[in-house]
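Computed from a prediction, not measured in an experiment: that's the story for all the values here. Heads up: numbering here begins at 1 and tracks the sequence.
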Amino acid sequence: IIFVKWNKKLLMNLKRVKLDLMLSLDKLLNGNLCSKQFKTALERSKGKVGIDLGANFGVYTELLAQHCDFVHAFEPEPNVVKKLKKTLADYKNVQIHEVAACTKDCKIKLFHRNEFNKHTLEGCQGSSTFSQKNNVNPEDYIFAQGINFLEFLENLDCEVGIIKMDIEGGEVDLLELMLERDDLLEKIDFIFVETHEKKIPNQLKRVRSLRAKALKLKRPRINLYWD
């Protein structure tokens, strides 16, 4: 009995070491090659739709608009949206959605950063739906609208070349559900995700699990080292 238990424990440790090595290699490759992969994804997105979740001031939305047939940009922070609209004013193939990408339709609290200042561009970035994010003020928030992004994808009758996802902690809940939906994944080529486990430490285990699952996928290609 002791021998069997010892073998099971050894096997579990070996699996954990193997996963650690795979994730380390994944970080080495995808982390260092993220910019190159994004450029490749842009080149392959002609005739397809691009989606920018957490569009911020539109730097990457603009790149998507220059390569994709049409782009959906999601940004819930009103002070940021003002600049986003100016950035994208000349692009007729972009639709700005002033909502947060969530797992369901809902009203959300959008927590501002500790250094929030609506009067400066730098100061109004980085709002999050997570009050436990270590750089936000849990007492300084606004209410915003969240939409069911999975349902949004369901209703898209076209192929998606790229999804860029930087939603300040909300990416974990969303990706966990997306990875259960083969019908949604099969219409997407590339997903680039910025994770926030350094600022939301209790997400670390779930982020590692997502990275392990992403390694097994042939489509879409998912890079969880966007920064």
Side-chain angles (χ1 to χ4, degrees), residues 49-65 68 70-89 91 93-156 160 162-178 184 188 191-200 203 206-207 210 224 226-227:
V49 165
I51 300 176
D52 193 350
L53 303 182
N56 205 300
F57 298 140
V59 173
Y60 291 103
T61 317
E62 199 168 9
L63 282 174
L64 291 173
C68 302
F70 197 83
V71 179
H72 294 278
F74 290 76
E75 178 54 58
E77 173 56 61
N79 296 289
V80 173
V81 169
K82 293 175 185 178
K83 170 63 176 174
L84 179 64
K85 288 181 176 179
K86 291 180 181 179
T87 302
L88 303 173
Y91 291 93
N93 64 332
V94 177
Q95 181 178 354
I96 297 174
H97 304 265
E98 298 180 46
V99 295
C102 299
T103 59
K104 61 182 179 181
D105 294 331
C106 56
K107 283 285 185 182
I108 59 168
K109 287 181 179 179
L110 198 59
F111 298 93
H112 292 146
R113 290 191 311 159
N114 293 321
E115 306 84 5
F116 179 79
N117 183 345
K118 69 178 181 180
H119 300 296
T120 67
L121 293 181
E122 178 65 27
C124 61
Q125 301 180 79
S127 297
S128 174
T129 58
F130 282 77
S131 62
Q132 62 267 45
K133 193 164 178 270
N134 64 20
N135 67 337
V136 303
N137 182 351
E139 297 181 359
D140 181 12
Y141 60 86
I142 60 172
F143 285 99
Q145 183 62 46
I147 71 156
N148 186 333
F149 183 67
L150 301 181
E151 191 173 277
F152 176 87
L153 280 178
E154 282 179 9
N155 294 329
L156 274 186
V160 178
I162 303 176
I163 296 178
K164 187 224 88 182
M165 190 181 301
D166 180 5
I167 51 178
E168 304 299 330
E171 66 279 349
V172 174
D173 289 340
L174 197 55
L175 272 176
E176 284 176 342
L177 291 181
M178 285 179 65
L184 299 181
I188 306 166
I191 303 177
F192 295 86
V193 187
E194 180 174 348
T195 59
H196 296 82
E197 66 275 17
K198 290 182 180 179
K199 292 185 172 68
I200 312 174
Q203 287 190 346
R206 294 167 69 192
V207 169
L210 285 170
L224 286 114
W226 180 265
D227 188 359

Item checked: Audit row: L64, Y91, side-chain contact (heavy atoms from CB on, under 4.5 Å) steps and yes/no -> CA-CA 11 Å; L64 291 173; Y91 291 93; over 6 Å; no
Next item on the list: Might you point out which heavy atoms bring A101 and L53 nearest each other, and give the distance in Å?
Entry: CB-CD2, 3.9 Å
Margin query: Tell me the closest heavy-atom pair linking N56 and V80, and the distance in Å.
Written below: O-CG1, 3.2 Å
Margin query: Strictly distance-based, threshold 3.5 Å: is any side-chain N or O of S131 a donor or acceptor partner for the main-chain N or O of P138?
Written below: no
Check: Within the side chain of T195, is there an N or O that forms a donor-acceptor pair under 3.5 Å with the backbone of E197?
Finding: no
Item checked: Summary of salt bridge (charged side-chain N to carboxylate O under 4.0 Å, His left out) pairs that have at least one residue in residues 49-60, sequence neighbours excluded -> D52-K164
Check: Got a second to check how far T120's OG1 is from Q125's CD, nearest 0.5 Å?
Finding: 8.5 Å
Check: To the nearest 0.5 Å, what is the distance between OG1 (T103) and CD (E176)?
Finding: 10.0 Å
Note to self: For G54 versus I167, what's the shortest heavy-atom pair and its separation?
What the structure shows: N-CG2, 3.8 Å
Notebook entry, point to check: Would you say the side chains of E77 and N79 form a donor-acceptor pair under 3.5 Å?
Noted result: yes
Check: Of all heavy-atom pairs between L153 and M178, which one has the smallest distance, and what is that distance?
Finding: CD1-CE, 3.9 Å
Next item on the list: Apply the test side-chain contact (heavy atoms from CB on, under 4.5 Å) to residues I147 and H97: give CA-CA distance (whole Å), side-chain angles for both, the deciding distance (0.1 Å), then the verdict.
Entry: CA-CA 10 Å; I147 71 156; H97 304 265; 5.7 Å; no
Check: Are H196 and E171 linked by a side-chain donor-acceptor pair shorter than 3.5 Å?
Finding: yes
Note to self: When you measure from the side chain of Q145 to the backbone of C106, do you find a donor-acceptor pair of N or O atoms at a distance under 3.5 Å?
What the structure shows: yes
Notebook entry, point to check: Roughly how far apart are F70 CZ and Q95 CD, rounded to 0.5 Å?
Noted result: 5.0 Å
Margin query: Evaluate D140 against F116 for side-chain contact (heavy atoms from CB on, under 4.5 Å), listing each step before the verdict.
Written below: CA-CA 9 Å; D140 181 12; F116 179 79; 4.2 Å; yes
Checklist line | Carboxylate-amine/guanidinium contact K85 E75, below 4.0 Å | finding: no
Note to self: If you compare all heavy atoms of A55 against all heavy atoms of A73, which two are closest, and at what distance to 0.1 Å?
What the structure shows: CB-CB, 3.9 Å
Check: Is any side-chain heavy atom of I51 less than 4.5 Å from a side-chain heavy atom of M165?
Finding: no
Check: Between S127 and L110, is there a donor-acceptor pair closer than 3.5 Å when you use the side chain of the first and the backbone of the second?
Finding: no
Notebook entry, point to check: Under a 4.5 Å cut-off applied to non-hydrogen side-chain atoms, are V71 and L88 in contact?
Noted result: no
Notebook entry, point to check: Do the two ring centres, one from F192 and one from Y60, sit under 6.0 Å apart?
Noted result: no
Checklist line | Spatial distance of atom CD1 (I162) from atom SG (C68) [nearest 0.5 Å] | finding: 5.5 Å
Note to self: Using 0.5 Å steps for rounding, measure from the CG atom of L150 to the CG atom of L177.
What the structure shows: 5.5 Å
Check: Would you say N93's side chain and A65's backbone share a donor-acceptor pair under 3.5 angstrom?
Finding: yes
Note to self: Show the nearest heavy-atom pair for residues P78 and I142, with the distance to one decimal.
What the structure shows: CD-CD1, 3.5 Å
Notebook entry, point to check: Please walk me through it: do C102 and F149 pass side-chain contact (heavy atoms from CB on, under 4.5 Å)?
Noted result: CA-CA 6 Å; C102 299; F149 183 67; over 6 Å; no
Next item on the list: Check whether any side-chain heavy atom of T61 lies under 4.5 Å from a side-chain heavy atom of T87, and answer yes or no.
Entry: no
Checklist line | Any L184 side-chain heavy atom under 4.5 Å of E154 side chain | finding: yes
Check: Just by modelled atom types, is the D105 backbone N or O under 3.5 Å from a matching donor or acceptor in the N148 side chain?
Finding: no
Next item on the list: Measure the SG-CZ distance between C124 and R113 for me, rounded to the nearest 0.5 Å.
Entry: 8.5 Å
